[in-house]
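Throughout, a chain's letter reflects where its sequence line sits, starting with A, and its residues are numbered from 1. Fair warning: this is a prediction, and the values are worked out from it, not measured in the lab. Below, each value reflects all heavy atoms present in this structure, side chains not excepted, and no hydrogens, waters or symmetry copies.
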Amino acid sequence: MAEKFPEKYNHREVEPKWEKKWEESGIYKAIDFDEKPKKYILFEFPYPSGERLHLGHAFSFTGTDILARFYRMKGFNVLCPIGWDAFGLPAENYAIKTGINPAIATAENIINSQKQAKRWGLSVDWNREISTTDPQYYKWTQWIFLQWYKKGLAEKKEMPINWCPACKIGLANEEVIGGNCERCGAEVSRRTIKQWVVKITAYADRLIEGLKNTDFIEKVKASQINWIGRSEGAEIKFEIRNPKSEIVVFTTRPDTLYGATFMVLSPEHELVKNIRDEKVKKYIETARKKSDLERTELNKEKTGVFSGLYAINPATGEEIPVWISDFVLSSYGTGAIMAVPAHDQRDFAFAKKFGLPIVPVIVPEGKWNFDEKAYTEVNEGMTVNSPEWEGIKPSEAIKKALEWMEKKAIGRKSVSYHLRDWIFSRQHYWGEPIPIVYCEKCGEVPVPEDQLPVELPEVEKYKPTDSGESPLASVSDWVNTKCSKCGGPAKRETDTMPNWAGSDWYYLAYPLADKLEVQSSQGNLFLDNLELLKYWLPVDIYLGGDEHNTLHLLYSRFTYLFLRDIGAVPQEIPEPYYKRLSHGVILGKDGQRMSKSRGNVINPDEAVEAFGADSLRMYLLFMGPFDYTMVWNQENLEGCFRFLKRVWNLFTGSNQSEVDDQILLRKLNQTIKKVGEDIEEIKFNTAVAALMELLNEMCNVECTIKTLKTFLLLLAPFAPHLTEELWEKLGNKFSIHQQSWPEYNPELIAEEVAVIAIQINGKLRGTTEVQSAKIRDQKEIERIAKENDKVKKYLKGQEIKRIVYVPGRLINFVV
RNA sequence: GCCCGAGUGGCGGAAUUGGUAUACGCGCAGCACUUAAAAUGCUGUGACCUAAACAGUCGUGCCGGUUCGACCCCGGCCUCGGGCACCA
């Protein structure tokens, strides 16, 4: 019998007590090369901002923590780490406002965030904590960049970028909010400047193919594939006689070549640069001034200008005019198109506006008015006016057209991608310096690897300079350096890396965390530790938000594939993440996204103070499916608090019995099965419900000590503090979180009696209880069912045409 | 426009993937304890019909289909949420 402990459930006492003990005892340590099977469970590391960690963090971290605790109990060597993605704009903006060095503000925020995370009862391995702003960390972020550089995947290039005229800096796409600068709100325009670019497009196909080595949920795979946007088609050459030149276009519809009645070049196209015509020059000038937003928002009304050039349609041999319009993008395909207004809606709109001819080369099966709309169907209709591929389906004509073009050497198969190369420069201060110097003699020179890291110097002003350069440009001590090749004077690159750079490889840093601190300048973090990486990789379960399903996931997968190509990560492991799960979003109680301006922000720390971390954890998981968008409801949180109080009171009471209650034993075994399966399937809400059901039954009877212990074990991942306390009070040794997950007895799960539904024509008319042993005996069930009074009533005077019996479930009489 | 996801009581959501719709929780109502309230415990709670119980009818966004049987599968819509978008 357990001792009596009649005091009230006091989370304020219980929770900090155990958090301290867990920290001192280090029970959540992940062990390198342990014999137990490993499980690498990862949540997206947070950004430690002045706002502290928010409810969304508490939610996703808790979900991850349930998995970590569960798999630990299941006998796995679990790695569940935490770190800080600490470079980035918020810290820099804060520095601009206050003049406080971002390094100091960030360090402070990290301390506060650590306190929060610990207070939530997360079972992370704090020995492996990392921060992207630590020079020993970003040394390797820079090293990866140098490897790209060596392999020709990183280069400095003239690129059109988003430009904020007020802040005088280039902005990444993610820093442009609705066409305006995220920082100052000014309207963003386009500007071409020299930028570091990483050729992620070289990996486009492999990033698609690699998905088959993962177990990502469908929507994640879909978003990756969508973003890459692979499309197959053809490149076709169009000759220009005067002046002699040619235009190459990319098209997915080579079958419509006979219908190409004009061509369109993007304003940035090479050929356009030599045209002297005033109207053309003017058009190009206005196009340049337009922001991306304007260019795409004006999609209703097409603009354009005739170039004065004519090209030869290689199929018809006819001359067709070449136009210039900004609806053709310079960054996709070849920056030029053949326009087939009869079979492309955009070309159609352009032709209508400028009175260009529309020539159908595919006839639909039904009626079609080519004066109203383009016909774009590929799998229906028949080609016409196309001597080389006449009278066949467009999809077949595509193949024939390709063959014909290849034979005639005017075109070939080609693939295009929506994916663009990755602009890697930022004119910000608070980021990793790009390890390149510019020597007067030798030109662009990479910093030798043994001189890494190139440390970020302190600056006085965090705003960019008037020239649009990074604030680093003004630190002359730092900028002026020596060339590693010739020893002559050189200047450092002053652009820094984007926020993605540090998060590209952080999942590799956790297994290597202790190596980060002690590495020598000669050693190589990756190459020297391949075996360790091989032990821990891949990440078994990666939990994150939908907002990172495309870019972060793509960039980090690309980084991994690249590192694998150069042998820096294990060859045996093709992808960094095996399973990717996305968590949902919690809205404020008004059903709106939480934001300071709306005043609907729920502070997780307040909830923890009022009801305890365990209550909050239970509630976050119980509120709905883990990947749903859900609305915060304080009353439901209190319901979970009540549940924990009832648990406490049950254990406080002295209603223990010596003998197992058979009904309870069955429920207990069913619950062991259910909770375990639900956790594995990320159905936390129903796992919690099952625990509540079990508690309800336990409250109605006297329980054995064994039952009580088992219940605690099942609850342990969800309410780690409470269960640890009660575990101790039952007289057990520390810690409940080092116990094994309970096993269930399959024989005890089966119900003794089955309730069988009786249907007439599929409508429920009654139920009957049958001994489980008899459920296979259809004759017997039929007999019992027919004796049911209600059934008798319905069957009276009816002829039974058919009887459907589902063993143990229902019997249906068809009359 | 394209690609995902979702529509179930007063509310959040369950439903062994074709087999008794609404588990669990919240809310609400009643009762017990209390001088009273809070807390706690117990009972009830889809709608309609009925004095009530029984019985019955309806019921998972809408219309139709398949099936002995459909929240679940098929066809056609509607609404909401998220992402992408002049990508040739």
Give a yes or no on whether the backbone of A:Asp777 and the side-chain of A:Tyr805 come within a donor-acceptor separation of less than 3.5 Å.
-> no
So, A:Thr252 side chain and A:Gly233 main chain: donor-acceptor pair closer than 3.5 Å or not?
-> no
Indicate, with a heavy-atom threshold strictly under 4.0 Å, whether [X] touches base, sugar-phosphate, or nothing.
X        : result
A:Asn226 : sugar-phosphate
A:Arg420 : base
A:Gln759 : base
A:Thr767 : base
A:Lys645 : sugar-phosphate

Examine the base of B:C3 for any acceptor or donor lying under 3.5 Å from a partner atom in the side chain of A:Lys219, and report the outcome as yes or no.
-> no
Can you check whether any acceptor in the base of B:C26 is under 3.5 Å from a donor in the side chain of A:Asn636, or vice versa?
-> no
If we call it a pair only when both distances are under 3.5 Å in a Watson-Crick or G-U wobble match, what pairs with B:A39?
-> none
Identify the nucleotide, in any strand shown, that forms a Watson-Crick or G-U wobble pair with B:G25, with both distances under 3.5 Å; if there is none, say none.
-> B:C11
For B:G9, does the O4'-C1'-N9-C4 (purine) or O4'-C1'-N1-C2 (pyrimidine) torsion place it in syn, i.e. within 90° of 0, or in anti?
-> syn
Where does B:U35 land, syn or anti, once you apply the within-90°-of-0 test for syn?
-> anti
Flag the pair A:Lys399 and A:Glu232 as a salt bridge only when some basic side-chain nitrogen lies within less than 4.0 angstrom of an acidic carboxylate oxygen.
-> no
A:Tyr332 side chain near A:Ser266 side chain, heavy-atom distance below 4.5 Å = no
